[in-house]
Amino acid sequence: GRLVYHYVKKPGTAPKCGDTKTDLRGIRSVRPKKLKIMSKRRKTVSRAYGGSLCAKSVRERIVRAFLIEEQKIVRRLVKEQTKSSGKK
């Protein structure tokens with residue numbers, strides 16, 4: 001029955017997505033000192049942009065890049081078609 005102090009440590013904040021600012025899933029929310037000690041597999045997710053972006057953001061980036069490339073190809077084809085029709 002002794003009265004003693006219990007020091008409560010500060011809770012860690014969950015890492016957030018750089019784009020959507022939502023908490024990242026699969027990554028523990030701990031203090032920076034504990035992060036240093038933790039192994040790499042506990043701090044990341046096995047995906048491109050694993051520890052910094054959420055899956056939704058990565059998917060959006062991939063789709064956007066694909067659509068931009070498709071647009072470039074279509075533009076090039078249209079340009080070639082107008083050149084060939086202009087020569088006739």
(message) How long is the straight-line distance from NZ of Lys34 back to CZ of Arg28, given to the nearest 0.5 Å?
(response) 6.0 Å
(request) Go through the structure and list residues passing salt bridge (charged side-chain N to carboxylate O under 4.0 Å, His left out) with Glu80, not counting sequence neighbours. (result) none
(request) Kindly give the cluster partners of Val45, where membership spreads through any ILVMFWY side chain lying under 4.5 Å from a current member. (result) Leu24, Ile27
(message) List the residues meeting side chain to side chain contact (heavy atoms under 4.5 Å, CB included) with Ile68, not counting sequence neighbours, and say none if there are none.
(response) Arg64, Lys72
(message) Are Val74 and Leu77 linked, directly or through intermediate hydrophobic residues, by side-chain heavy-atom contacts shorter than 4.5 Å (ILVMFWY only)?
(response) no
(request) List in chain and number order the residues that pass salt bridge (charged side-chain N to carboxylate O under 4.0 Å, His left out) with Arg42, two or more places apart in sequence or in another chain; answer none if no residue qualifies. (result) none
(message) Checking Lys36 now: which residues fulfil salt bridge (charged side-chain N to carboxylate O under 4.0 Å, His left out) with it, not counting sequence neighbours?
(response) none
(message) With a 4.0 Å cut-off on N to O distance, would you call Lys56 and Asp19 a salt bridge?
(response) no
(request) Apply side chain to side chain donor-acceptor pair (under 3.5 Å) to Arg59 and list each qualifying residue two or more places apart in sequence or on a separate chain. (result) none
(message) My understanding is that only residues two or more places apart in sequence, or in another chain, count here; which of them pass side chain to side chain donor-acceptor pair (under 3.5 Å) with Thr22?
(response) Thr20
(message) Tell me whether Thr44 contacts the main-chain N or O of Arg41 through its side chain, where contact means a donor paired with an acceptor under 3.5 Å.
(response) no
(message) Through direct or indirect side-chain contacts below 4.5 angstrom among Ile, Leu, Val, Met, Phe, Trp and Tyr, which residues connect to Tyr49?
(response) Leu53, Val58, Ile62
Using residues 3-18 as the side-chain source, report each donor-acceptor pair under 3.5 Å to any protein atom, sequence neighbours left out, with the distance given to one decimal.
residue	atom	partner	partner atom	Å
Lys16	NZ	Asp23	OD1	3.0

(message) So, taking the atom named OG in Ser57 and the one named NZ in Lys21, what distance separates them when rounded to the nearest 0.5 Å?
(response) 9.5 Å
